[in-house]
Amino acid sequence: MVHKKIKKKRQNGLLYYLVVILLVIAVGFFIYNIGQFYGITGNATGTANLTISQITSINFTTGTINWSTGEVDSGQSVAVLDTSAGTVTDGNWTAVSAGLVIENIGNQNVSLQLATGKSAAGFIGGSDGGGLTDGEYRFNVSSVEAGSCTNATDYTGTGNGMTSGYNRSLFFNANFTSPGTLVCDNFFFDDAKDTIRIDLYLNISADSNITGNTGDIITATATAVS
Amino acid sequence: MKYRNFILTIFVFLLVVGNAAALGITPGRTTINYENGLEQDVAFSILNNEHNNAQVVLTLQGELADSITLYESIINFEPSDDARQLKYRVKLPNSIALEPGLHSAEIVAMELPKKNADGTYVGATIAVVSQLHVYVACPGKCIEYDLSVLDAEENGTATFIIPVLNRGELGIGSIRAVIDIYNLDYDKKATITTDTREITAGGRTELSAKWDVDVNPGNYLAKVSIFYDGETENFEKHFTVGKNVLSIESILVNNFKLGQIAKLQILVENKFNQDLEDVFANLLVYNKNDQVMADIRSASEPIPSQSKKELIAYWDTVGVKKGEYDGKILVKYNGKSADKNLLLKISQNELAIFGIGYAISSGVGEGIDITAILIALVAILLLANISWFIFFRKFIRKSDKYNKFRKDKKKLLENIKLK
């Protein structure tokens, strides 16, 4: 009876030690695995090199404005096509209220220059029937998403410039000299503020070049800024 | 007539949205340090982001344009093409060795415009630029630097990082910076010092320092002095503490009646440390098709620093139907804006706006105020509970008394029986 008790005690003791050993091994494996998973084993050192490709990329989500064909109303000397107002005045072209829309789809801020393909004289021509002093082919830049574009230069021209606040009623004269007019020092890539709009203002006199199919191409050039 | 209008709308839409263009280039800039007689290939890629059929022409411009040779100058993209790996050969002229500093060239990739639609049109095309920057080291030690301020939030800890490039021919043994922080009245708010580091010739390092932000949100000026091997460079840069400069506190609409002009009182707080000029509110209300059905704007007002102001906007609700509408309130100032999404519940006599803190609900006399209903409900429930509690206690007492009476009666009967 006593022997049996002693034997049982020994067996229990062995079982106890076995369980403790198994527990220690299990805990060891657990720590090792956690270490492998999170890289916290304490004896691993290294250098992580992170390279992010800098991409300069922009996208014209609206790339054409087309007023269809038209002419200056009879009895009028000049017609005005204005996308910012969405109007055609004294002409029978189709009014367009959408501007050209550019989005910065890269991963870095860029500067943006706009160059027209033709001058006002080359595109529209004719006499200056509107009584304007700065030509008849103009464009304007405004932010579709607030703060998309900043410009260190404060353009304060009278009807020919652009305020730093991007007033949609103020227009630039077309500039066909490469690389064009710097419209954004910083055109941001942040998704919440990466879209701007270009509106156009054409002042077409009755004796202009605009007959049938006449068009121009604006080139937007994006360059990375540091 | 309906069909004619529909077809005309589709036609105009197609005229407007057609011919979208997209182009990318990577890297946007390649920087190399000048070495005498250096000649190497530089890799770059042109990205056909929108998978267009496109023809791209490559041109060179800038001071070092003559030192670059393109292997290809016209690239044709198919819609299945993601990108095209390209390279150019650069052979640096020895003539620039005597002019320390930056010399550059630009590789311009321009998408050739396609034939446009008939009529009077203005189309658009894209040009993207990959820059080549070549630095000629200055004799001795000279540095380029900048300042970035991260996590500058009220009661937080901001990190100031000054990346420094050694553009000199000699290494720098010890470099550190001291940053003085001023408000816009030039009152000094704090002085912090960065760690000390060394930079090899042509190498780069980052000096950093922490600042416990104990100032109000607003614009501040960091005046930085960089000390390196007995020499000093000074520069300054503005930075902003806090992101939420303007806070939209509430919108009140009193005496609302559908079909009339509603007066919206939008309470805005300027948390900034400077006055803001020309602040205005812009409420956009969307219809079921997510189109803007109302675009309401308040007059522009100045808001002094650290103060609240009510911006007033008027909404002509003629033609607006009862129901729920999504909306957005924007408060704009100096080209920036704060905004919040809203839900507008419109009934005949009430405009309830949900989505801004404790705002906002208001109607006229005969309209039912939801807050009043809730208060009444709470009061009724409270009364019901109290009544029930009193009744229940009385009932238990009565029940106890009855039980006691029954026990006493039983005992009495038993005693009588025994007797």
Side-chain angles (χ1 to χ4, degrees), chain A residues 53-70 81 93-98 100-103 105-108 110 113 115-117 123 137 139 143 146-147 150 164-166 178-179 198 200 202 204 210 212-226, chain B residues 8 11-31 45-50 59 61 83 106 108-131 133 144 146 278 282 330 332-339:
Chain A
S53 298
Q54 296 291 298
I55 298 170
T56 299
S57 187
I58 56 174
N59 180 19
F60 266 107
T61 53
T62 303
T64 307
I65 290 169
N66 194 321
W67 293 270
S68 192
T69 52
L81 283 56
W93 285 269
T94 305
V96 177
S97 58
L100 301 168
V101 177
I102 314 178
E103 187 180 1
I105 56 172
N107 61 5
Q108 58 187 340
V110 299
Q113 288 166 303
T116 58
F123 180 27
Y137 178 22
F139 64 82
S143 288
T150 59
S164 56
Y166 296 93
S178 180
I198 302 164
L200 294 162
L202 307 185
I204 303 169
I210 304 280
N213 305 326
T214 313
D216 188 28
I217 299 289
I218 290 178
T219 303
T221 303
T223 307
V225 292
S226 52
Chain B
L8 187 68
F11 176 68
V12 170
F13 178 78
L14 288 173
L15 288 180
V16 169
V17 302
N19 200 23
L23 198 63
I25 198 164
T26 184
R29 180 179 299 160
T30 301
T31 303
S45 299
I46 297 175
L47 313 175
N48 182 21
N49 309 66
E50 298 294 310
T59 55
Q61 61 189 40
E106 292 181 338
V108 183
M110 189 181 79
E111 183 176 351
L112 290 178
K114 298 181 190 77
K115 185 190 179 302
N116 272 276
D118 297 336
T120 303
Y121 68 87
V122 173
T125 194
I126 283 171
V128 286
V129 173
S130 181
Q131 301 162 310
H133 281 188
E144 262 184 35
D146 196 5
D278 297 327
N282 189 188
L330 300 104
K332 299 184 179 179
Y333 65 99
N334 195 26
K336 297 174 184 170
S337 73
D339 64 70

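These numbers come from a predicted model, not from an experiment. Every chain is numbered from 1, with letters handed out A, B, ... down the list of sequences. We use all heavy atoms of the structure for the numbers below, so side chains are in, but hydrogens, waters and symmetry mates are not.
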Minimum heavy-atom distance between B/G123 and A/L100, given as atom pair plus value
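The answer is O-CD1, 4.5 Å.
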Indicate the atoms forming the closest heavy-atom contact of A/F60 with B/T125, along with that distance.
CE1-O, 3.4 Å
As a quick check of understanding, evaluate side chain to side chain contact (heavy atoms under 4.5 Å, CB included) for A/I55 and B/L47, giving each step before the final call.
CA-CA 9 Å; A/I55 298 170; B/L47 313 175; 3.4 Å; yes
Where does B/I25 contact chain A at under 4.5 Å (heavy atoms): side chain, backbone, both or neither?
both
State, with a plain yes or no, whether a side-chain heavy atom of [X] is found less than 4.5 Å away from one of [Y].
X: A/T221; Y: B/V128; answer: no
X: B/Y121; Y: A/I65; answer: no
X: A/W67; Y: B/V122; answer: yes

Of the options A/I217, A/D216, A/T64, which is the one that meets B/P113 in a side chain to side chain contact (heavy atoms under 4.5 Å, CB included)?
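It is A/I217; the other options fail the test.
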Would you say A/N213's side chain and B/G119's backbone share a donor-acceptor pair under 3.5 angstrom?
yes
Mark yes or no for whether A/S57, through its side chain, and B/L23, through its backbone, hold a donor-acceptor pair below 3.5 Å.
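Looks like yes, one N/O pair under 3.5 Å.
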For a side chain to side chain contact (heavy atoms under 4.5 Å, CB included) check, start with the C-alpha distance between B/T26 and A/T56, then their side-chain angles and the critical distance, and finish with the verdict.
CA-CA 6 Å; B/T26 184; A/T56 299; over 6 Å; no
Just so I understand: if I count every heavy-atom pair under 4.5 Å between each of A/I105, A/T223, A/T214 and chain B, which residue has the most?
A/T214
What distance separates A/L81 CG from B/T120 OG1, expressed to the nearest 0.5 Å?
7.0 Å
What's the spacing between B/E50 CD and A/N59 CG if we round to 0.5 Å?
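The CD atom of B/E50 sits 4.5 Å away from the CG atom of A/N59.
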Relative to chain B, which segment of A/I58 carries a heavy atom at a distance below 4.5 Å: side chain, backbone, both, or neither?
both
I'd like to know which of B/G24, B/A109, B/P27, B/A127 tops the heavy-atom pair count under 4.5 Å against chain A.
B/A127
